[in-house]
Every structure is written in structure tokens, then in C-alpha cells.
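Taking it in order: structure first as C-alpha cells, then the write-up.
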Amino acid sequence: MKKLFEDFKKDIKFKSAGPGKKLTEDASSKPAAAPCSSSSKQSRYAPSEGAQRAGAAALARVEQKQRPKVHTSQDAIRNQVKRELEAEAVALAEKDNAVTAEGSKVKDPACLSVSGVYFTCPLTGATLTKSQREVHIKEAILMRFEEDDIEASVMMVHTFNKDREKVKAAVDIISKYVENICKNPSEEKYRKIKVSNKVFQEKIRPVEGCWEFLQALGFISVMLPVEGQGK
């Protein structure tokens, strides 16, 4: 297409240049006038200025469409940097995946700095294994009786018993005992607890620390005569 337009432009320039001359022909001699015959051949006219501009514009558009894109050095640098960044991102992702997979594996126990699980006693600060923890805590709580028997007995109730429902039931009953004494300090019946009572035997005695708590409040164990019996 480009060559076609170039040939078209050359043809226009050639025809608009006028009649040709031979190099051997005398410049003063006039060319013979060619017979003009309107019937055999129509006279050709040079294209107008507007047609020439239109043809040049069309040729320019064709040349612009066919012109290949020239990559500058900046484009090459930009593409190289983009490729390097993408490669670096892929490498980092693979490294993170490898670290995650390695962290999920079970390590050799011999490589660990600690061979087991240890606990710190909140009372003494001693570091203990699980098997030592229960015994040590009991010993520490029992030693606490020398300083504060009420606090030590409360700690026994909430530490030595695993069944939380039983602990709650026992605490509610003991709280009722104390409430009755506070509300009726002159009533003798509220100052006594019948340990042979079914509620006491089933709810209070099985919970470790309840009897120690009652003793810390001032209750003592005595034998009292039963009504209707000799003792």
C-alpha cells in the first residue's frame, strides 16, 4: 500500500511538470503541437491542490499505521525491573511456604531446650512438673493454715475438688449457715449443725476443705444429747 501511494505521488509530480524535452533537441526550437482530438483521447488535467493535500494526508496515515513501535532504553530498563521484582516476589512466597511447612513439623525432643512441661506455683514461685504440682500445692495450702486458716480452707475447697457443681452446692449451704447466724445471733439453733443430717453428709462432708472452713469460723465438734434419747 505504501509503495502504491509513493508511485501515485511520483506520477502526479511527473504529469504536473509539463511536456518533456530531449537532451539533443535545440532549446530554441518549439515542440510540434500534437493534434488534438476530443473523440480519440481525452486531455488529462493535473490534480487540484486539495486533491494533493488529501492524498498526502492519506499517505501519512498509512505510514503511521505501518510504522513499528520503537522500544527505547527506558522501556527496556522498566521491563527488566518488572521481571526482577516478579521473580523476587515468587522467591519470597516460596521461602515463606517453606518456613511454614518446617514450623509445622514436630521437632526432635532432643533438640528442645526444655524436656517437658513445667508449672510455677502461685504461692511459692517454685517450678514443678505436672506430677509434682498437685502435691506441692496441697503442701503450700496446708502450710498457709498457720497464717490464715479461713483463707487456706477456702483455697482447699476451690483447689482440691474437681467437681465444680458439688463445690457450688456446698458453698451455697455453708453460706446459708453463716447468713442465719448473722441474722439471728441470739438464736441457739442456728449456732449448731447436725453433722448426721442427710444434707450435711451428702453435700458438705464429701467436699474437701468444707470441714476445715467451718472450724476456721469457730465451729467445734462435740457430742450433744439427742432429743428423746439419753444422749
Side-chain angles (χ1 to χ4, degrees), residues 92-231:
L92 288 175
E94 293 177 353
K95 184 178 180 180
D96 292 340
N97 293 335
V99 171
T100 303
E102 183 179 357
S104 62
K105 295 180 180 178
V106 179
K107 296 183 178 180
D108 184 5
C111 300
L112 300 177
S113 59
V114 180
S115 59
V117 179
Y118 292 86
F119 301 87
T120 301
C121 177
L123 299 177
T124 63
T127 302
L128 309 163
T129 63
K130 185 177 180 180
S131 60
Q132 297 172 336
R133 181 185 63 174
E134 301 295 333
V135 176
H136 181 81
I137 290 177
K138 285 186 177 182
E139 292 176 353
I141 291 175
L142 293 176
M143 290 174 61
R144 184 68 178 167
F145 272 96
E146 298 177 1
E147 300 179 8
D148 191 337
D149 52 356
I150 293 179
E151 181 184 75
S153 60
V154 171
M155 293 172 67
M156 285 183 65
V157 172
H158 291 283
T159 304
F160 296 173
N161 302 281
K162 305 301 182 183
D163 193 335
R164 308 316 300 173
E165 293 296 328
K166 290 183 178 181
V167 171
K168 183 179 183 305
V171 170
D172 290 342
I173 295 172
I174 294 176
S175 299
K176 190 65 176 178
Y177 291 159
V178 176
E179 182 182 357
N180 290 334
I181 294 173
C182 293
K183 289 182 177 180
N184 306 279
S186 60
E187 290 287 340
E188 185 69 20
K189 64 178 182 178
Y190 293 122
R191 305 175 71 86
K192 299 176 182 179
I193 300 174
K194 190 176 181 180
V195 295
S196 61
N197 184 278
K198 182 179 180 180
V199 174
F200 189 90
Q201 291 293 326
E202 294 181 356
K203 303 293 185 181
I204 303 299
R205 185 172 288 280
V207 179
E208 190 173 358
C210 288
W211 179 246
E212 287 78 2
F213 179 74
L214 292 173
Q215 288 180 325
L217 292 179
F219 285 92
I220 58 175
S221 178
V222 296
M223 295 292 295
L224 296 175
V226 180
E227 295 181 2
Q229 297 182 3
K231 290 185 180 180

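Salt bridge Lys176/Asp172: absent, no basic N to carboxylate O contact under 4.0 Å.
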Margin query: If you apply the rule side-chain contact (heavy atoms from CB on, under 4.5 Å), what do you find for Ile137 with Ile141, and how did you get there?
Written below: CA-CA 6 Å; Ile137 290 177; Ile141 291 175; 3.8 Å; yes
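Counting only residues at least two apart or on different chains, no salt bridge (Lys or Arg N to Asp or Glu O under 4.0 Å) pair has a member in residues 205-224.
Within the model, atoms CD1 of Ile193 and CD1 of Ile174 stand 8.0 Å from one another, a figure rounded to the nearest 0.5 Å. The NZ atom of Lys192 lies 12.0 Å from the CD atom of Glu187; values are rounded to the nearest 0.5 Å. Atom CG of Leu214 is separated from atom OH of Tyr177 by 8.0 Å, given to the nearest 0.5 angstrom. Distance check: Asn161 CG to Lys168 NZ gives 15.0 Å after rounding to the nearest 0.5 Å.
Residues Ala170 and Lys203 share a closest heavy-atom pair of CB-O, 3.4 Å. Nearest heavy atom pair, residue Phe219 against residue Arg191, reads CE2-O, 3.6 Å.
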Identify all side-chain donor-acceptor contacts of residues 150-159 below 3.5 Å with residues at least two apart in sequence or on another chain.
from: Glu151; atom 1: OE1; to: Arg144; atom 2: NE; distance (Å): 2.6
from: Glu151; atom 1: OE1; to: Arg144; atom 2: NH2; distance (Å): 2.6
from: Ser153; atom 1: OG; to: Asp149; atom 2: O; distance (Å): 3.1
from: Ser153; atom 1: OG; to: Ile150; atom 2: O; distance (Å): 2.8
from: His158; atom 1: ND1; to: Arg164; atom 2: NH2; distance (Å): 3.4
from: Thr159; atom 1: OG1; to: Met155; atom 2: O; distance (Å): 2.7

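A donor-acceptor contact shorter than 3.5 Å links the side chain of Gln201 to the backbone of Val195.
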